[in-house]
Amino acid sequence: MADMLFKCPHCARHLVVEDSAAGETLECLACRQPVLVPKSANAFKCPSCAYDLSAPTKVAGKFFHCPNCGSSLIVPATPTMRLPVNSFGDWAR
Ligand SMILES: [Zn+2]
Ligand SMILES: [Zn+2]
């Protein structure tokens with residue numbers, strides 16, 4: 001289980017959801033528009049606290065804040081592991 005970082009397509013606010021919500025439509029907390037949670041995301045770890053995170057490739061290179069420790073981080077452009085949304089590998093610790 002990891003938290004997914006992505007952007008609201010309507011207001012560009014940074015959003016965080018559990019990646020088990022991939023493919024679901026949620027309401028943006030900021031603009032109240034329906035937002036489709038991206039289905040494919042790349043897994044990476046927070047460089048500050050090693051918290052498991054994921055983000056869709058279209059936000060690679062963008063600044064986000066870690067939902068666990070609050071540090072700013074840059075979503076890696078070339079992640080080392082790809083997250084299959086419905087399976088849990090050894091990396092998920
Ligand atoms: Zn929004
Ligand atoms: Zn962190």
Side-chain angles (χ1 to χ4, degrees):
M1 190 65 64
D3 283 350
M4 186 191 296
L5 308 175
F6 64 106
K7 276 185 164 190
C8 173
H10 307 289
C11 69
R13 186 189 168 102
H14 293 183
L15 301 172
V16 181
V17 295
E18 288 193 355
D19 58 15
S20 59
E24 290 181 19
T25 301
L26 304 175
E27 185 181 85
C28 174
L29 294 173
C31 69
R32 302 287 175 191
Q33 299 284 322
V35 175
L36 180 65
V37 179
K39 266 191 179 158
S40 66
N42 293 310
F44 62 102
K45 284 181 186 289
C46 172
S48 299
C49 68
Y51 190 65
D52 286 317
L53 296 167
S54 65
T57 51
K58 65 176 161 180
V59 298
K62 301 267 195 280
F63 274 104
F64 278 84
H65 287 276
C66 172
N68 189 49
C69 70
S71 298
S72 58
L73 57 87
I74 299 174
V75 175
T78 53
T80 53
M81 286 170 287
R82 190 169 176 82
L83 173 65
V85 166
N86 292 315
S87 67
F88 298 92
D90 288 341
W91 60 269
R93 289 183 262 157

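In what follows, every heavy atom counts, from backbone to side chain, and hydrogens, waters and symmetry copies are set aside. Counting starts at 1 for both ligands and their atoms, in listed order.
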Have a look at the Zn ion (ligand 2) and estimate, to 10 degrees, the angle subtended by SG (Cys69) and SG (Cys49).
-> 110°
Using a 4.5 Å cut-off on heavy atoms from C-beta on, say whether the side chain of Leu53 contacts that of Pro67.
-> yes
Any N, O or S atom of His10 closer than 2.8 Å to the Zn ion (ligand 1) | no
Mind checking whether Lys45 and Asp52 have side chains closer than 4.5 Å, heavy atoms only?
-> yes
Report the angle formed at the Zn ion (ligand 1) by atom SG of Cys8 and atom SG of Cys31, rounding to the nearest 10°.
-> 110°
Any donor and acceptor pair, going by atom type alone, linking the side chain of His10 with main-chain N or O of Arg32 inside 3.5 Å?
-> no
Taking it one step at a time, do Lys62 and Lys7 satisfy side-chain contact (heavy atoms from CB on, under 4.5 Å)?
-> CA-CA 10 Å; Lys62 301 267 195 280; Lys7 276 185 164 190; 3.9 Å; yes
To the nearest 10 degrees, calculate the angle at the Zn ion (ligand 2) involving SG of Cys66 and SG of Cys46.
-> 110°
